[in-house]
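Below, chain A is the first sequence line, B the second, and so on; all start at residue 1. Computation of the quantities below employed the complete heavy-atom set of this structure, encompassing side-chain atoms and omitting hydrogens, waters and symmetry-equivalent molecules. Note that the structure is predicted; figures quoted are calculated from it, not measured.
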Amino acid sequence: MNPLVVSITLFVLALMIGVEVIGKVPATLHTPLMSGANSIHGIVIVGVVLVAAESDSVLGYIFIFCAAVLGTMNVVGGYVVTDRMLEMFKSSKPAASKDSKTKGEGAAK
Amino acid sequence: MSVIDTIAWFVYLLSAVLFVFGLHEMNSPKTARRGNRVSAVGMIIAVVMAFISLFAKGFVSSTAVIVLVIGIVLGAVAGIVSAKRVKMTDMPQLVSIFNTVGGGAAALVALNDILTSKVAPTTTVLVTAGLGVIIGSVTFSGSLIAAGKLQGIVPGKPMVLPAQIVWNNIAILGAIVSFVLLIVDHSHTGLWAVLTTVFALCYGLLFVFPIGGADMPVVISVLNACTGTAVAMSGLAIGNVALIVAGALVGAAGVTLSVLMAQAMNRPLLSVLAGGFGGGNAAAGAGDEGPEGTMKETTADDVAVQLVYAQKVIFVPGFGLAQAQAQRTLADLGELLKNHGVEISYAIHPVAGRMPGHMNVLLAEANVPYEELIDLDDINPQFSSANVALVVGANDVTNPAARRPGTAVSGMPILDVDHAQNVVVIKRGRGKGYAGIDNELYYEDNTQMLFGDAKVELEAIIASVKELIN
């Protein structure tokens, strides 16, 4: 089958999963959600790496350099700042906050 | 498909799954931080896999790889520094800047595909990459202006050119025509690609300049959706599953949040994007019938007495609180009253702050537990049982005029602050809100006004509360 057809199918299905998952996020977390989603589109850096393989012109180098700087800034900055925000969300119940903290550290390793 | 391509496909699929799982974990503050990290792991896996394919399949020029690595290192440093330094009040600008660079990167990947490929690009590549260029460029210039407006570098007022519609149409038509020619006319691919980019960049500017500063949250959200779509288009162009799925997820997130925001402002999404609101246009018609009555002024000492003897107090914070840097002061007051046995909650309107959920982040930074932050729908029935509602730096979202038709805020969901036994409003001056009309709440019998800087007034209240308790 034409790869483009498969790709478009993937796109549509992912769109629907996105709407479904995002709809369940509470308003409290909308800012971190937006900044987290924002860092996900930094995935374009994968595209930059892949096109770098075929590049051998000065114009290509310039494109790759600029795209790499912009894309990485998007991805790294986005995740760091989202983590910084989510770190501040604390529960008034000490047990619950301790629980989420240990879980968070577990995921970091 | 070679072995390495098959492995890569599944690894990219894994990272796409991790993105979905990470976003899913955002449905509770308890798991959200882990979710973000899961998503980051997905990202690292995808990037590492891209490098593995790069080295396994070989590359044309080592210069390209060196340039790539230098770019990544510089970008990472810039990202970490800006993420660590940003103040929480400036978060919307930073998100907008990250959006700018993301859109720029997506446009560059797509442009690179068109301009530097050695064989003539296929129609599929031209269509998808062309779309990537258009959407990415609009996001790039649009988000840049949005960030400028939020930061105050670009005036927040709607800036409409003479014959704005004509200019818009020129930019849109220009982009469409050059896009079509890019696909059809294979002899001047470079020229049409550059023209498409230029027209799209111009449209980004024309799109955001006429929209007022307070509508920027919706704009950022829409542009976020655009970047996602641009990334997905780049993914279609190079046939990469990770880019397609991640781009679609972000696109869905952006659209969902934009619609939610527009609903909370009670304005159709398209009317927000058409711009022109919030520069006094709305004030003209609504100014003629101001509310009757007089405002009653009060003192910090009197407010302190009311708070100390109350059983239930609801704080209503608006962005004015953050502008006065008084989040911590308000949180201190809340803590003090809570220890004295007063029930405290915070009423959060969906558009409090400068982006969806912004007020929650600002109060979380001030160590307010998230259980005390209550959404519009849940807090409204509680106002009637509250002894005091303390409004700090919020205006239009508390205006009872929204309940009847014919005003600039009509139909907007509001916090039912006027249902509380007593209402105290801390306000910098007598100015009108963003909608440009008087707030009828201020003239109600049970409302008292405390004019002054939020931080100074709250500190004065804290001082006299302490005296009363001891």
State, to 0.1 Å, how close [X] and [Y] come at their nearest heavy-atom pair, and which atoms those are.
{"X": "A/Tyr61", "Y": "B/Val67", "value": "O-CG1, 3.5 Å"}
{"X": "A/Lys90", "Y": "B/Glu371", "value": "O-OE1, 4.4 Å"}
{"X": "B/Ala64", "Y": "A/Ala52", "value": "CB-O, 3.5 Å"}
{"X": "A/Ser35", "Y": "B/Val95", "value": "CB-CG2, 3.8 Å"}
{"X": "A/Phe11", "Y": "B/Ala232", "value": "CE1-CB, 3.3 Å"}
{"X": "A/Ser55", "Y": "B/Val60", "value": "O-CB, 4.2 Å"}

Rounded distance [0.5 Å steps], [atom1] in [X] versus [atom2] in [Y]:
{"X": "B/Leu257", "Y": "A/Met34", "atom1": "CG", "atom2": "CE", "result": "5.0 Å"}
{"X": "B/Ile70", "Y": "A/Ile64", "atom1": "CD1", "atom2": "CD1", "result": "12.5 Å"}
{"X": "B/Leu249", "Y": "A/Leu15", "atom1": "CG", "atom2": "CG", "result": "8.5 Å"}
{"X": "B/Asn36", "Y": "A/Leu33", "atom1": "CG", "atom2": "CG", "result": "10.5 Å"}
{"X": "B/Leu243", "Y": "A/Ile45", "atom1": "CG", "atom2": "CD1", "result": "10.5 Å"}
{"X": "A/Lys24", "Y": "B/Thr256", "atom1": "NZ", "atom2": "OG1", "result": "11.5 Å"}

With a 4.5 angstrom heavy-atom cut-off, is it the side chain or the backbone of [X] that approaches chain A, or both, or neither?
{"X": "B/Phe55", "answer": "neither"}
{"X": "B/Leu94", "answer": "side chain"}
{"X": "B/Ile244", "answer": "both"}
{"X": "B/Val245", "answer": "both"}
{"X": "B/Ile97", "answer": "side chain"}
{"X": "B/Thr116", "answer": "side chain"}
{"X": "B/Lys84", "answer": "both"}

Name the member of [options] that forms the most heavy-atom pairs with chain B at distances under 4.5 Å.
{"options": "A/Asp56, A/Val48, A/Asp83", "value": "A/Asp83"}
{"options": "A/Leu50, A/Val46, A/Val80, A/Val76", "value": "A/Val46"}
{"options": "A/Glu54, A/Arg84, A/Met85", "value": "A/Arg84"}
{"options": "A/Val25, A/Ile40, A/Val51", "value": "A/Ile40"}
{"options": "A/Gly71, A/Ser57, A/Ala68", "value": "A/Ala68"}
{"options": "A/Val69, A/Val19, A/Asn38, A/Val21", "value": "A/Asn38"}

- Message: Are A/Leu86 and B/Met26 packed together at the side-chain level, in the sense that at least one heavy-atom pair is separated by less than 4.5 angstrom?
- Response: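 A side-chain contact exists here, since the closest heavy-atom pair is under 4.5 Å.
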- Query: So, do B/Met88 and A/Met88 sit near enough that their side-chain heavy atoms are less than 4.5 Å apart?
  - Reply: yes
- Are B/Asn360 and A/Leu29 close enough, and set up right, to give a side chain to side chain contact (heavy atoms under 4.5 Å, CB included), and what steps lead you there? CA-CA 8 Å; B/Asn360 303 73; A/Leu29 290 173; over 6 Å; no
- Are the side chain of A/Tyr79 and the backbone N or O of B/Ser39 linked by a donor-acceptor pair below 3.5 Å? yes
- Counterpart residues, side chain to side chain donor-acceptor pair (under 3.5 Å), relative to A/Thr31 (two or more places apart):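 If we apply the side chain to side chain donor-acceptor pair (under 3.5 Å) test to A/Thr31, skipping adjacent residues, there are no hits.
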- Taking atom CZ of B/Phe21 as the centre, report whether more than 12 heavy atoms of other residues, nucleotides or ligands fall under 6.0 Å from it. no
- State which residues pass side chain to side chain contact (heavy atoms under 4.5 Å, CB included) with B/Leu115; sequence neighbours excluded, sorted by chain then number.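 Partners of B/Leu115 by the side chain to side chain contact (heavy atoms under 4.5 Å, CB included) criterion, ordered by chain and then number, come out as A/Leu59, A/Phe63, B/Leu111, B/Ala193.
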- Message: Please classify the contact between A/Glu20 and chain B as side chain, backbone, both or neither, with a heavy-atom cut-off of under 4.5 Å.
- Response: neither
- Just by distance, with hydrogens left out, do B/Asn224 and A/His41 show a side-chain donor and acceptor under 3.5 Å apart?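 Yes, side-chain donor-acceptor contact under 3.5 Å.
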